[in-house]
Every structure is written in structure tokens, then in C-alpha cells.
Number of protein chains: 2
Amino acid sequence: MACREAASLEAALAQVAELCTARGVRLTAQRRRVLELVWRSDKPMGAYDILAAIQAEQPKAAPPTVYRALDFLLAQGLIHKLQSLHAYVGCAHPGQPHAGQFLICTACGEVTELADPGVEHSLGKVAAASGFVADAPMVELSGTCCGCRVDDE
Amino acid sequence: MACREAASLEAALAQVAELCTARGVRLTAQRRRVLELVWRSDKPMGAYDILAAIQAEQPKAAPPTVYRALDFLLAQGLIHKLQSLHAYVGCAHPGQPHAGQFLICTACGEVTELADPGVEHSLGKVAAASGFVADAPMVELSGTCCGCRVDDE
DNA sequence: GCTGTTATGTAATAACATAACGTTTTCCCC
DNA sequence: GGGGAAAACGTTATGTTATTACATAACAGC
Ligand SMILES: [Zn+2]
Ligand SMILES: [Zn+2]
Ligand SMILES: [Zn+2]
Ligand SMILES: [Zn+2]
């Protein structure tokens with residue numbers, strides 16, 4: 001989400017709470033805590049990173065605690081899983097579940113989520129040409145972001 | 001590679017041997033065995049599937065045995081890793097290391113490797129627009145292949 | 001044959017994820 | 001407000017994927 005300032009984070013969480021109410025699903029304390037952690041982080045977080053953070057205030061937490069919350073947040077389209085990193089990031093435009101394209105800088109660890117119509121169109125075309133019905137496109141580009149490339153010189 | 005017939009498999013392995021010689025790298029017995037296993041399989045193979053197969057004839061094999069061979073084959077562009085499955089498939093057109101797009105049927109497990117210029121172009125454009133230099137595009141589409149969709153009815 | 005390099009053996013462990021089952025909480029209908 | 005179903009959570013154990021670390025062996029060039 002890239003909204004690390006406390007104010008906008010609180011606002012975003014409030015919006016999410018409304019969204020969940022509207023959908024008839026429950027944003028429990030644990031789910032909210034996990035979502036907040038992921039959103040606060042400027043880097044993708046591994047499940048066990050999240051677990052460690054939660055255990056600071058709730059020592060009884062265990063892997064299922066985290067994975068259940070992550071499953072919920074994924075299903076609600078509030079976070080994404082980066083398969084190439086085994087890590088999770090907040091969604092840049094939460095709402096309906098969706099897939100995006102992710103630019104992953106291997107130098108600084110920053111991740112940018114895109115939703116480029118051109119990419120989505122070409123993926124749709126190529127799938128259709130093969131008679132394939134895609135339900136979960138995964139597009140992850142590892143590389144070097146603009147800032148890190150400049151720094152290299 | 002989708003070449004499961006013994007004859008073409010042998011031919012392909014011979015070609016690969018030449019390729020490695022030309023590059024000054026060694027296609028050792030273990031690497032060759034792993035490549036053959038992956039190519040023979042009509043489904044993506046997990047590292048531990050490969051390990052189990054190898055241990056049948058070589059009981060001393062251990063995880064690093066397999067992962068080293070896989071690393072070599074990946075570096076040489078002879079196989080691909082499917083991040084969404086934690087599994088490995090033979091490359092459809094081995095040669096230089098490269099990235100493709102993968103259609104993964106969740107019904108039958110078949111994987112199709114594409115190298116669509118349209119997709120690659122749109123990915124290049126979107127990366128360039130962000131000032132991002134991608135070195136490893138990963139595109140995997142989970143869904144249902146043509147054959148399985150027909151069978152469903 | 002000596003030497004630096006590449007490949008392999010071996011053991012242990014790290015990192016990521018799920019199964020299984022019982023208990024608690026919440027929600028909804030009566 | 002009480003009872004029952006569903007959802008969420010606690011807890012323990014285990015499964016699965018991948019790596020570290022260090023010792024040994026095979027190979028190539030001198
Ligand atoms: Zn998103
Ligand atoms: Zn960067
Ligand atoms: Zn390929
Ligand atoms: Zn299929």
C-alpha cells in the first residue's frame with residue numbers, strides 16, 4: 001500500500017473495516033493486526049516475520065494464527081502473496097480480489113504493484129489463443145528499480 | 001519439453017551435451033540424470049520427487065545433490081522453475097537462459113511454455129515506464145486448459 | 001605429480017506451510 | 001435471553017521446500 005504514515009494507515013484500516021462489514025465478513029483483531037503489520041512494512045513480510053511481530057504482544061501465537069489471517073486477507077483482496085519471495089505485501093488498491101503485476105527490486109527490496117491494462121490484455125490474448133481459461137495470473141518482475149540503478153553508478 | 005518418446009529424448013540429451021561442451025560447462029552424470037527425469041515427466045516435478053527417483057539408484061543422494069543439479073540446469077536455461085508450484089519443468093526450447101510464460105492447468109497438471117512477443121513487449125513497456133530494469137520476468141497463469149474445460153461439461 | 005578449481009558427499013538445520021482436533025466466541029433464530 | 005450452528009481460534013504436531021557448512025573427491029593445466 002505504501003502508506004506508512006500513521007494517519008492514512010488508520011484511515012485505510014477504517015475503510016477496510018467498513019468494507020468487511022458490507023461484505024458480511026469479520027475483520028477480527030488478529031486479522032486487523034496482521035493487515036496493519038503488512039501495510040506498515042515498507043518491505044514484503046514473510047509469514048514468520050509476521051509471526052515474530054505478533055508474538056511480541058501475544059506469545060501464544062503459532063503459525064496457523066498467521067496463516068489463517070493471511071488466507072482471509074488474501075481472499076478479501078487486501079494483500080498479495082509474492083510467490084517468488086514467499087512473502088506478503090499490502091494491496092495498493094484494496095477492494096475486489098484481483099491480480100496485479102509486481103516489480104520487485106532485488107537491491108532495496110521495494111515492491112511496486114501495477115495493474116497495467118496492456119499487460120492484462122496481452123495475457124488474456126495469449127491464454128485465449130491456447131484455449132486456456134486463466135483464473136490467477138501471477139506476474140512478478142525481479143530487477144532493479146529506478147532509484148537503485150542510479151545509486152549503482 | 002514435452003518430448004517423452006525415448007528416441008527424441010536421447011537426441012535432445014545429446015544436443016544438450018554438445019551445447020554444454022561448447023559453453024565449457026560440464027553435463028555430469030547427476031545433472032544429466034536430473035535433466036532426463038524432468039524431461040521424461042509429463043508433469044512438473046518437485047525437488048523431493050526428483051530426489052526420491054534418484055535415490056532409487058543412488059541411495060546416498062541428499063537434498064543438495066538435487067538442488068545443485070537444478071541450479072546448474074536453471075543457469076543453463078535447460079529447465080524452468082514454477083514458483084507457484086515449487087516445481088520444475090523442462091524447457092520447451094533450451095538454449096540461452098530466458099523467461100517464458102507458463103499456462104498451468106490445475107485440473108490435469110499439464111504446463112505449457114510460451115514465449116509470446118506481445119506479452120514480453122507489454123511487460124517491457126510497463127517496466128520501462130517505471131524506470132525498472134527487469135532481469136527475470138515470471139509469468140504463470142493458473143487455470144484450466146482447453147482439454148479439461150471440454151471434459152468438465 | 002602438484003595445484004587450483006569444480007563437483008560431490010554428508011549432516012544438520014532453516015524456512016515455509018498445513019493437518020488435525022478440541023475449545024471458545026459470535027451470530028442468528030426462536 | 002437461551003439454544004444451536006457456524007466461524008474463529010488455541011494447540012500440538014508434522015509435512016514440505018530449501019540452505020548452510022564443512023569434508024572429500026574428481027578434474028584440468030602446468
Ligand atoms: Zn492489489
Ligand atoms: Zn531498489
Ligand atoms: Zn524455456
Ligand atoms: Zn488440463
Side-chain angles (χ1 to χ4, degrees), chain A residues 17 20-35 37-38 41 43-76 78-89 109 138 140 142, chain B residues 16-17 20-35 37-38 41 43-76 78-89 109 138 140:
Chain A
C20 288
T21 304
R23 286 181 187 168
V25 297
R26 285 189 267 168
L27 185 68
T28 64
Q30 292 203 70
R31 291 166 175 174
R32 190 190 143 101
R33 200 174 300 136
V34 170
L35 178 58
L37 279 168
V38 172
S41 171
K43 303 270 161 64
M45 291 187 83
Y48 279 68
D49 297 337
I50 296 169
L51 178 58
I54 287 188
Q55 281 178 330
E57 20 179 282
Q58 189 183 348
K60 62 193 168 180
T65 309
V66 171
Y67 282 103
R68 283 169 182 154
L70 290 173
D71 286 346
F72 171 85
L73 297 171
L74 286 168
Q76 297 301 318
L78 300 171
I79 63 173
H80 294 284
K81 175 171 187 179
L82 299 176
Q83 294 280 10
S84 57
L85 298 181
H86 303 291
Y88 303 81
V89 290
M138 191 202 87
E140 299 177 17
S142 291
Chain B
V16 166
C20 288
T21 305
R23 286 181 188 167
V25 297
R26 286 188 267 168
L27 185 67
T28 63
Q30 292 204 69
R31 292 166 175 175
R32 191 191 142 101
R33 199 175 301 136
V34 170
L35 179 57
L37 278 168
V38 172
S41 171
K43 303 270 162 62
M45 291 187 83
Y48 281 71
D49 297 337
I50 296 169
L51 178 59
I54 287 189
Q55 280 177 329
E57 19 179 284
Q58 189 183 346
K60 61 193 168 181
T65 310
V66 171
Y67 281 103
R68 283 166 181 156
L70 290 172
D71 286 346
F72 172 85
L73 297 170
L74 285 168
Q76 297 301 319
L78 300 170
I79 63 173
H80 294 284
K81 175 170 188 180
L82 300 176
Q83 293 280 7
S84 56
L85 297 181
H86 304 292
Y88 303 82
V89 289
M138 211 152 20
E140 300 176 19

*For the helix from C:dG1-D:dC30 to C:dC30-D:dG1, what is the angle between the axes at its two ends, each from 5 pairs, rounded to 10°?*
30°
*Which part of the nucleic acid does A:Gln58 contact within heavy-atom distance under 4.0 Å: base, sugar-phosphate only, or nothing?*
sugar-phosphate
Polar atoms only, N or O, under 3.5 Å: list the protein pairs with nucleotides 22-27 of chain C and their distances.
residue, atom, partner, partner atom, Å
C:dT26, O3', A:Arg26, NH1, 3.3

*What residues, two or more places apart in sequence or in another chain, satisfy salt bridge (charged side-chain N to carboxylate O under 4.0 Å, His left out) together with A:Arg31?*
none
*What pairs meet the salt bridge (Lys or Arg N to Asp or Glu O under 4.0 Å) rule with one or both residues in residues 58-75 of chain B, with sequence neighbours excluded?*
none
*By side-chain hydrogen bond (donor to acceptor under 3.5 Å, both in side chains), which residues pair with B:Ser84, not counting sequence neighbours?*
B:Glu140
At a cut-off of 3.5 Å, list every protein nitrogen or oxygen paired with a nitrogen or oxygen from nucleotides 13-16 of chain C, distance to 0.1 Å.
none

*Least distance between heavy atoms, B:Ala87 atom then B:Pro44 atom*: CB-CB, 3.6 Å
*When you list every nucleotide of DNA chain D with an atom under 4.0 Å from a heavy atom of chain B, which one comes first 5' to 3', and which comes last?*
D:dT17 to D:dC27
*Hey, could you give me the NE2/CE distance between A:His80 and A:Met138, rounded to the nearest 0.5 Å?*
13.5 Å
_Could you report the tightest heavy-atom contact between B:Val66 and B:Ala47, atom names first, then the distance?_
CG1-O, 3.6 Å
*Considering non-hydrogen atoms only, spot the tightest contact between B:Tyr88 and B:Ile79 and give its length.*
CD2-CD1, 4.2 Å
_Donor-acceptor pair, distance only, cut-off 3.5 Å: does the side chain of A:Ser41 make one with the backbone of A:Leu37?_
no
*Whole-Å distance between C:dA11 C1' and B:Lys60 NZ?*
16 Å
_Partner set under side-chain hydrogen bond (donor to acceptor under 3.5 Å, both in side chains) for B:Thr65, not counting sequence neighbours_ = none
*With sequence neighbours left out, what residues match A:Gln83 under side-chain hydrogen bond (donor to acceptor under 3.5 Å, both in side chains)?*
none
*Of B:Val25, B:Leu35, B:Leu27, which meets side-chain contact (heavy atoms from CB on, under 4.5 Å) against B:Gln76?*
B:Val25
Name the atoms and distances for all side-chain donor-acceptor pairs under 3.5 Å in residues 49-59 of chain A, with sequence neighbours left out.
residue, atom, partner, partner atom, Å
A:Asp49, OD2, A:Gly46, N, 3.0
A:Gln55, NE2, A:Ala61, O, 2.8
A:Glu57, OE1, A:Arg33, NE, 3.3
A:Gln58, OE1, A:Arg33, NH1, 2.5

*Any idea how A:His86 and B:His86 line up, ring-wise: parallel (<30°), tilted (30 to 60°), or perpendicular (>60°)?*
parallel
